[in-house]
Amino acid sequence: MNSIINSVNLIYYSPTGTSRKIARAVGDGLKVNNLTESDITLDNNNIKSFPNDSLTVFVSPVYGGRIPSIFFERLGTLNGNGAMCVVVVVYGNRHYDDALLELKNEMTNRGFRVSAAASFIGEHSFSRENMPVAAGRPDFYDLGMAEHFGKEVMDRITTVPDFGDLFVPGNYPYKEVKPKQPAAPISTEDCCSCGLCVSSCPTHAISLDASGNVCTDIYKCTLCCACVKVCPQGARIFDTPFTKFLYDNFRERKNPEFYF
Ligand SMILES: Cc1cc2nc3c(=O)[nH]c(=O)nc-3n(C[C@H](O)[C@H](O)[C@H](O)COP(=O)(O)O)c2cc1C
Ligand code: SF4
Ligand code: SF4
């Protein structure tokens, strides 16, 4: 057992599952027996603080170059009380802009000591079969890098006596959050009313009516595309011109970055 860190907590928000994969791979690399997971995609975190000899790994997707506000809402009143943490963002091969800086600053303000940071690439939520954007990522290489990052974090925590203020790229004031247009994916006639989209929706924007029709609250929808990716019938569709824009401009493979 590590002499300083006795437990690890993975906390992630991950509608389409890429941040979850990265969180778990980082957790594998940390190699501690006492590891807990808190998936805040559908539920609020109900932990208020962690022990001083713990390390928390926060993993969030990037939305519009920022951390989605729901990530912080779901954390509730969680406070670090001087415990260590690592911040990780997962983005869809365009850019993470100010998201990593925002996550680092927020966790510092919540009383965590941020000891390392990283960015990884996940299949873009708007990626489609005919216009793939980072399709299949994180792949084998990415997951290996995430595990390596976890190992490096633990090695440094046990050998570096004092962490100064961590540099991560980004600007403050952060990139402006554009107001979301009221929109949501639609369900086609191939829908078999299985309800999987209902239970996968982080904002509870979807319901089935008495006839089995899918109803979506366009004001609650965050366009996360969890429902699109989970639908076994391929009946949940979100068409946006942004997919072509991403496909045309952000196909060149980007790679993970680590900051210590
Ligand atoms: C509303 C929205 C905004 C997004 N904005 C960005 C962005 O600014 N840059 C980027 O590279 N990817 C962006 N993405 C893609 C996600 O960051 C990426 O697909 C991520 O892997 C999703 O994480 P998850 O699988 O954990 O949900 C966006 C996705 C959504 C749904
Ligand atoms: S997951 Fe697909 S098939 Fe199932 S209810 Fe939703 S839209 Fe219909
Ligand atoms: S309805 Fe909107 S918020 Fe809910 S899962 Fe689908 S895209 Fe995400």
Side-chain angles (χ1 to χ4, degrees), residues 12-24 39-42 59-71 88-100 102 119-128 132-139 142 170 174-209 211-240 242-243 245-246 249-252 254 256:
Y12 54 83
Y13 176 77
S14 188
T16 63
T18 62
S19 304
R20 181 192 306 116
K21 285 183 189 163
I22 291 295
R24 288 181 175 166
D39 181 349
I40 56 170
T41 311
L42 298 174
V59 187
S60 171
V62 174
Y63 283 9
R66 299 282 303 272
I67 300 297
S69 56
I70 194 170
F71 181 91
V88 176
V89 294
V90 181
Y91 68 103
N93 207 56
R94 185 192 67 75
H95 207 286
Y96 58 88
D97 299 313
D98 304 331
L100 196 56
E102 183 181 14
S119 65
F120 289 91
I121 295 84
E123 176 169 317
H124 202 292
S125 319
F126 303 153
S127 174
R128 299 294 176 256
V133 184
R137 296 187 76 183
D139 56 18
D142 296 315
Y174 307 129
K175 199 172 168 177
E176 196 186 338
V177 177
K178 294 206 184 88
K180 182 203 159 257
Q181 299 304 315
I186 53 161
S187 297
T188 68
E189 59 191 14
D190 293 330
C191 170
C192 63
S193 306
C194 70
L196 278 177
C197 55
V198 178
S199 50
S200 74
C201 177
T203 58
H204 313 291
I206 315 177
S207 55
L208 284 182
D209 70 13
S211 317
N213 298 315
V214 175
C215 311
T216 310
D217 183 334
I218 55 172
Y219 296 98
K220 279 189 181 172
C221 175
T222 59
L223 301 179
C224 73
C225 291
C227 56
V228 174
K229 304 225 174 185
V230 81
C231 177
Q233 301 289 108
R236 193 78 180 152
I237 309 284
F238 180 61
D239 278 333
T240 163
F242 204 53
T243 298
F245 171 75
L246 291 166
N249 295 287
F250 298 102
R251 249 179 297 171
E252 195 177 324
K254 297 208 166 109

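As the structure is a computational prediction, the values presented were derived from the model and not from experiment. We count ligands from 1, going down the list as the structure has it; atoms in each ligand are counted the same way.
Here the protein heavy atom with the shortest distance to atom 2 (Fe) of ligand 3 is C221 SG, 2.3 Å. For atom 7 (S) of ligand 3, the closest non-hydrogen atom of the protein is C225 N, 3.2 Å. Scanning all protein heavy atoms for the shortest distance to atom 4 (Fe) of ligand 3 gives C201 SG, 2.3 Å. If you check which protein heavy atom lies closest to atom 8 (Fe) of ligand 3, you get C224 SG, 2.4 Å.
Between F126 and ligand 1, a contact under 3.5 Å exists for no N or O pair. For a threshold of 3.5 Å applied to N or O pairs, the pair formed by H95 and ligand 1 contains at least one separation below that value. The N/O atoms of V62, backbone and side chain alike, include one that comes under 3.5 Å of an N/O atom in ligand 1.
When heavy-atom distances to ligand 2 are checked against a 4.0 Å cut-off, S187 comes that close only through its side chain, counted from C-beta outward. Only the backbone of L223 comes within 4.0 Å of ligand 3, counting heavy atoms alone; no side-chain atom from C-beta on gets that close.
Within the listing of ligand 3, atoms 7 (S) sit less than 4.0 angstrom from a heavy atom of P185. Distances below 4.0 Å separate heavy atoms of T222 from the following atoms of ligand 3: 2 (Fe), 3 (S). Ligand 3 places these atoms under 4.0 Å from at least one heavy atom of T203: 3 (S). Close approach to R236 involves these atoms of ligand 3, each under 4.0 Å from a residue heavy atom: 1 (S).
When P68, G92, A23 are checked for heavy-atom proximity to atom 10 (C) of ligand 1, G92 turns out nearest.
Using a 4.0 Å cutoff on heavy atoms, C225 does not count as a contact of ligand 1. Between P15 and ligand 3 there is no heavy-atom distance shorter than 4.0 Å.
Put simply, C227 stays out of reach of atom 2 (Fe) of ligand 2, with no N, O or S atom under 2.8 Å from it.
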